[in-house]
Amino acid sequence: MPVLSIDEIRKKCAVDFSVLQMDIEGGELDFLRENSDLVGKIRLLIFEFHRGYFSQHDCGTIESLLENAGLSKVDSDGRTEVWMRSGEH
C-alpha cells in the first residue's frame, strides 16, 4: 500500500490542516520532531498519547514540543489528550 507523508498530502491536495488527530502507537515524538512546522500551524490536536512507550524525559519532551508550538492541553481522559492553540478555546 502506498504511503504519503503529511507534506505530500498537503501538496497533492493543495490543503492546509487546522486539526490533527493521530494514533500512531509510539510514533508521537518522531512525528512532532519531524513536523514542527505543521504542529506550529494547527489549532487543534487530538491524539492517543502512548506514555508507556516513552521515558518520563521523552514524555516531557513531547509536552514541551506542543507547548513551544503554542498549544495548551485542554482535556485528557488518561490516554487521549486534546491540545488547542492558545486563544482558540
Side-chain angles (χ1 to χ4, degrees):
M1 170 178 275
V3 176
L4 297 174
S5 70
I6 294 288
D7 282 336
E8 290 169 329
I9 293 169
R10 289 168 63 189
K11 289 174 186 171
K12 183 175 182 175
C13 299
V15 65
D16 281 321
F17 298 97
S18 61
V19 176
L20 179 62
Q21 180 176 347
M22 62 182 190
D23 181 2
I24 52 178
E25 306 300 321
E28 297 89 348
L29 182 55
D30 289 337
F31 179 88
L32 294 172
R33 283 182 171 152
E34 293 170 11
N35 295 281
S36 60
D37 61 326
L38 171 65
V39 176
K41 294 176 184 174
I42 60 169
R43 62 179 186 80
L44 174 65
L45 170 65
I46 303 166
F47 75 113
E48 193 168 323
F49 191 174
H50 296 90
R51 291 179 180 270
Y53 292 147
F54 300 101
S55 67
Q56 187 173 11
H57 176 265
D58 285 347
C59 287
T61 299
I62 289 170
E63 292 175 353
S64 292
L65 288 168
L66 294 172
E67 290 168 353
N68 291 339
L71 299 170
S72 302
K73 184 165 51 171
V74 296
D75 199 7
S76 173
D77 71 357
R79 181 176 281 181
T80 302
E81 296 190 0
V82 179
W83 290 69
M84 292 184 81
R85 180 145 319 282
S86 300
E88 294 285 335
H89 42 98

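In this chain, numbering begins with 1 at the start of the sequence shown.
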**Report entry** Same apolar cluster: I46 and I6, side chain cutoff 4.5 Å
**Finding:** no
Query raised in the report: Should L66 and M84 be counted in the same cluster of Ile, Leu, Val, Met, Phe, Trp and Tyr side chains packed under 4.5 Å apart?
Result: no
Report task. Count the heavy atoms belonging to other residues, nucleotides or ligands that lie under 6.0 Å from CD of Q56, then report whether that count exceeds 12. Result -> no
Query - Worked verdict on L32 versus T61 for side-chain contact (heavy atoms from CB on, under 4.5 Å) - result: CA-CA 10 Å; L32 294 172; T61 299; over 6 Å; no
Requested in this report: Spell out, yes or no, whether I9 and L45 are grouped together once hydrophobic residues are joined by side-chain heavy atoms under 4.5 Å, including indirect joins.
Outcome: yes
Expected list for residues 33-42: side-chain donor-acceptor pairs under 3.5 angstrom, two or more places apart:
residue, atom, partner, partner atom, Å
N35, ND2, F31, O, 3.0

Requested in this report: To the nearest 0.5 Å, tell me how far K12 NZ sits from S5 OG.
Outcome: 11.5 Å
**Report entry** Qualifying ring pair (Phe, Tyr, Trp, His ring centres under 6.0 Å) pairs, either residue in residues 50-71, two or more places apart
**Finding:** H50-Y53
Can you give the donor-acceptor pairs under 3.5 Å from side chains of residues 17-24 to other protein atoms, not counting sequence neighbours?
none

Query raised in the report: Do you reckon V15 sits in the same ILVMFWY cluster as L44, going by side-chain contacts under 4.5 Å, direct or chained?
Result: no
Requested in this report: Only counting residues at least two apart or in another chain, list the ones meeting salt bridge (Lys or Arg N to Asp or Glu O under 4.0 Å) with D7.
Outcome: R10
Query raised in the report: If you look only at pairs with a residue in residues 73-83, which of them pass as a side chain to side chain donor-acceptor pair (under 3.5 Å), with sequence neighbours excluded?
Result: E48-R79, R51-E81, E81-W83
